[in-house]
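First comes the structure, then the notes that go with it.
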Amino acid sequence: MGLKIYSTLTRKKEEFTPLEPGKVKMYVCGPTVYAKAHVGHGMSALVFDVIRRYLEYRGYQVNHVQNFTDVDDKIILRAAQEKVDPFELGERYIHEFQDHLQRLNVLPATIYPRATREMPQITEMITELVQKGYAYQVDGDVYFRVRRDPEYGKLSGRKPDEMESGARIDVDPRKEDPLDFAVWKSARPGEPFWDSPWGKGRPGWHIECSAMNLHHLGEQIDIHGGGNDLIFPHHENEIAQTESLTGKPFARYWVHHGMLQLSGEKMSKSLGNLVSIEDFLAGHSGDALRFMVLNSGYRNPLTFTDEVIAQAERGLDRLRSGLRPALPGAKGAPHESLKALGEQAEAARTGFVESMDDDFNSAGALGNLFELVRAINQVRDAGATAAELDEAQKLLSELTGVFGLRLEQEAAGEHPASAFIDLCIDLRAELRKQKLWALSDQVRDRLAQLGVILEDSKEGTTWRWS
RNA sequence: GGCGACGUGGCCAAGUGGGAAGGCAAGGGUCUGCAAAACCCUGAUCACGGGUUCAAAUCCCGUCGUCGCCUCCA
């Protein structure tokens with residue numbers, strides 16, 4: 001049994017076989033950098049981070065390319081409004097986004113190409129498209145000739161003939177066909193521009209991804225990803241441009257994730273109902289958003305509400321409970337319990353891989369991890385020593401690590417304050433011995449206010465950070 | 001209007017022909033001076049209506065509802 005990936009192109013789950021054994025070429029469409037990134041962008045990055053981490057766990061070497069669109073109408077417009085340089089504006093949001101990715105524990109891509117740094121490749125590609133008759137120049141603009149591509153529409157399931165009727169409001173009369181799209185736009189006064197055979201201008205949105213793919217990954221790649229809102233027209237157009245030129249299938253697997261839903265609506269820049277990553281991280285851990293992503297199918301819409309966030313935080317607590325140390329004074333668990341734990345651990349590993357192999361079914365795999373957590377906690381309660389828990393806990397750490405979860409918690413024994421906390425616990429033990437409950441509860445409450453949770457048991461008191 | 005996706009217990013969610021995972025919340029219990037944590041126990045005629053089948057949450061048709069794309073969007 002091997003990995004299966006759902007491809008939008010065939011609308012089916014396909015056996016995953018990379019072009020080159022052991023290696024994966026993955027291109028993911030990144031954001032246009034003209035505003036603060038929102039949690040939907042975070043979700044997208046997390047989806048592909050989990051995919052990438054799992055591919056690496058399965059032994060693949062992943063060449064992960066993620067672009068930034070750093071020149072486009074919106075950037076220019078925004079920069080003009082703010083009276084700043086459009087490149088500086090883009091630069092600022094790129095840095096900010098990369099900082100967010102780090103805080104979300106997203107592994108850095110192999111390379112982050114940008115449209116503005118790939119102009120020779122872009123103009124070269126357009127030149128070829130024009131030479132071969134797939135694109136044509138009108139004044140300073142260049143358009144892709146959609147009708148020249150008999151396969152146009154194969155990704156999104158749209159047929160050019162059926163699209164014409166309803167659509168397009170202001171059709172540019174200079175275009176041969178309303179469906180044709182710009183690959184090069186001439187610069188208006190004051191706009192940033194690059195020199196080209198067609199005059200001063202800038203690339204159209206779709207061509208940059210085609211050119212960057214060609215440049216960094218080659219004519220054919222394994223996985224091309226993005227949000228499902230990019231299927232049409234962006235990815236459809238990328239396919240048209242690239243395959244017209246190379247005559248070869250572009251990407252083997254087209255992977256699209258669902259949109260994040262904020263109170264029943266897609267969160268998007270144009271709707272203005274944004275929650276920025278910054279806002280989210282101010283109140284929650286990166287793990288919380290990651291947990292939400294993991295707990296649902298990546299192709300389905302992701303429910304984003306306060307309640308779901310709270311559920312994610314509690315779910316993380318539960319995962320952490322499996323990593324807690326043996327009980328103080330543990331004498332060892334019965335042989336049968338330990339045997340059961342070993343079996344459960346093996347089942348968890350198998351189940352995890354089987355689920356993830358099935359089109360990255362992280363929600364199913366997460367269920368396996370929770371079952372492992374329960375098994376560990378049962379055996380701990382049965383008196384298992386640290387050594388007896390070790391193997392199962394290592395597995396839990398390993399698999400949550402594949403998910404990119406950090407489950408961060410400061411180890412109780414290593415914090416500079418731990419000696420003082422232990423002192424408080426000792427004093428409180430004395431109070432409890434004398435049954436001075438009010439005072440002992442006060443100690444516990446005050447420590448709780450400082451973020452230290454005390455937990456009493458027969459063998460003694462343990463503490464952890466809240 | 002066209003194309004597509006989805007509708008599983010209070011909430012999130014896996015499962016796509018043959019025992020309805022898991023998490024959160026809730027209730028009961030064990031433990032505890034109390035609490036917390038952990039552990040045990042408790043709950044679903046799978047939107048609705050037809051059909052195919054020995055057998056359907058799972059396949060087909062229809063209805064209703066939600067959402068996405070068709071225009072910049074992760």
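Just so it is clear: chains get the letters A, B, ... in the order the sequence lines come, proteins before strands, and each one is counted from 1. Basis for what follows: all heavy atoms, side chains included, without hydrogens, waters or symmetry-related copies.
- Side-chain atoms of A:E371 stay outside donor-acceptor range of the base of B:G22, with no qualifying N/O pair under 3.5 Å.
- Going from the C1' atom of B:C3 to that of B:U42 covers 46 Å, rounded to whole Å.
- Donor-acceptor pairing under 3.5 Å, judged by distance alone, is present between the side chain of A:Q311 and the base of B:C11.
- Scanning atom types as modelled, one donor and one acceptor separated by under 3.5 angstrom connect the side chain of A:R444 and the base of B:C34.
- RNA chain B is contacted by both A:D317 and A:G367; A:G367 maps to the nucleotide lying nearer its 5′ end (nearest heavy atom per residue).
- Counting atom types as modelled, A:R432 pairs a side-chain N or O with a base atom of B:G33 as donor and acceptor under 3.5 Å.
- Counting heavy atoms from C-beta on, the side chains of A:F181 and A:Q241 come closer than 4.5 Å.
- Under the 4.0 Å criterion applied to side-chain N and carboxylate O atoms, A:R158 and A:E236 are not assigned as salt-bridge partners.
- Of the listed nucleotides (B:C70, B:C34, B:G23), B:C34 has the atom at the smallest distance from the side chain of A:R428.
- Along RNA chain B, the nucleotide closest to A:S156 and the one closest to A:A438 are compared, and the more 5′ of them pairs with A:S156.
- When the P atom is used for both B:G33 and B:G19, the distance is 47 Å, rounded to whole Å.
- Residue-to-nucleotide contacts include no donor-acceptor pair under 3.5 Å from the side chain of A:N368 to the base of B:G22.
- Residues satisfying the side-chain hydrogen bond (donor to acceptor under 3.5 Å, both in side chains) test with A:N237, not counting sequence neighbours, are A:Y152, A:H206.
- For A:Q261, counting side-chain heavy atoms from C-beta on, the closest listed nucleotide (B:C39, B:A14, B:C67) is B:C67.
- Note on ring orientation: taking the six-membered ring where Trp is involved, the planes of A:F403 and A:F352 are tilted (angle from 30° to 60°).
- Checked against B:C12, B:C40, B:C70, the side chain of A:Q378 finds its nearest nucleotide in B:C40.
- For B:C72, its base never sits under 3.5 Å from the side chain of A:D72 at any donor and acceptor pair.
- Each of B:A14, B:A74, B:C70 was ranked by its minimum atom distance to the side chain of A:N300; first place goes to B:A14.
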